[in-house]
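Step one of this worksheet: look at the structure below.
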Amino acid sequence: MNLSETQLSILKLIDLYGEISRKQLALHSGLSQPAVTNITRELIDQKYILEGKETDSAGRAGRKEVLLYANADRFRFLGIDIGGYWIRFAISDNKLNIFHQSITPMHEFINVPDKLAALTDHINVFLQEHGIAAHTIDAIGVGVTGIINMEETHILNIPNLADWDNLPVVSVLQNAFHCPVFLEEGGRTMALAERLIGKGKHVDNFIVVNIGKGIVAGLMLSKQLVYGASNVGGLLGHVTVDETGRQCLCGNYGCLEMFGTYQMIEEKFAALDNSGISLEDAYQQNNKAAMTACIEAGNAIGIALSNVVNLINPQHIYLGGRLFETLPLVFEELKRTIQLRANRFANVVLSIEKNSFGDMEGLYGALTLAKSKLIHLYP
Ligand SMILES: [Zn+2]
């Protein structure tokens, strides 16, 4: 695909407005009407955009204006969400409607010396299973719950997984699939999805938090994603909540991930109750040890988040993770802790709620990354 910058800027405006006339495109792009007519003709010929209904207002020479909109079927995006337990794959159209998806446990990659060759194989199998020709993919978005380099080309480290270090994922996938590949930290892709297609569409300051095997966060501050000076901004899982706590895989002691994940709640519960009952069953029975373990986890998450709330003063916190569904007390407890600990002027404007896409937040994040980078929807 070889779209020019001006073609991309027109595609971006059409995407932002949903449907728009050529006259309005000229107005918003600063291009002349004849230039817009030429560019839109090229884009219509290549089926990127379609002509729709006429507007009520008359355009030049008294003619009615035709509204243009994006052809949902023109683009195919591949999203890859690399988490602690799973890698998810999905194919979507231009509207980010998902057609096909699959999920592979991360343990299939243990003892595999060449992780990226294995990843490429998994993608090929996924595409073949669903009859998708690789050359029809317009862009690939990869979200990873780890640390990536400043240039956004390499996975530098996944704290919860061994041997996922210094992997040139962008160049390997570009060579294999011959299309643009974009890489971003998972929490940031989730924030991007919330901002562009989720609940955060009109929210300038928010935090997305997802709890799986690890804890990731994406911070949207004054409409901008937070990256930091070395691309590790938003590392919520490794914020210290108890300096006397045990050592984390990252090397630090008492990180939030040592308290706030499902696995940690299970461990805490098992230490308090040796009857052999599962955490979820015990929770259903209002078992005291299960309640204590959930309260401790919710409290730890709440402490970490109330510090973040005081630092960046968000309007919303969007939370996701299976533990909020199966152990809702964790959600209630973290909310209570934030209300108790964060500054009251910050709490007045704050709402704490579930994320937009549940379990699929990272997958929508990866797809949103592919689309938004390809047509420059987001800087
Ligand atoms: Zn840590």
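Index from 1, following the sequence. Everything numeric in this text was worked out from a predicted model, so none of it was measured. Just so you know, ligand 1 is whichever comes first in the structure, and atom 1 is the first atom listed for that ligand.
Here the CG atom belonging to N38 is positioned 5.0 Å from the CZ atom belonging to R41, to the nearest 0.5 angstrom.
For H122 and F109, the gap between ring centers is short of 6.0 Å. The distance between the ring centers of Y48 and F75 falls below 6.0 angstrom.
Annotation: side chain of L329 is in contact with side chain of M291 (closest heavy-atom distance under 4.5 Å).
Between the side chains of E151 and N149, at least one donor N or O lies within less than 3.5 Å of an accepting N or O.
Other cluster members for Y85: W86, I103, joined by side-chain heavy-atom distances under 4.5 Å among Ile, Leu, Val, Met, Phe, Trp and Tyr.
Screening the protein for N, O or S atoms under 2.8 Å from the Zn ion (ligand 1) yields 4; no waters enter the count.
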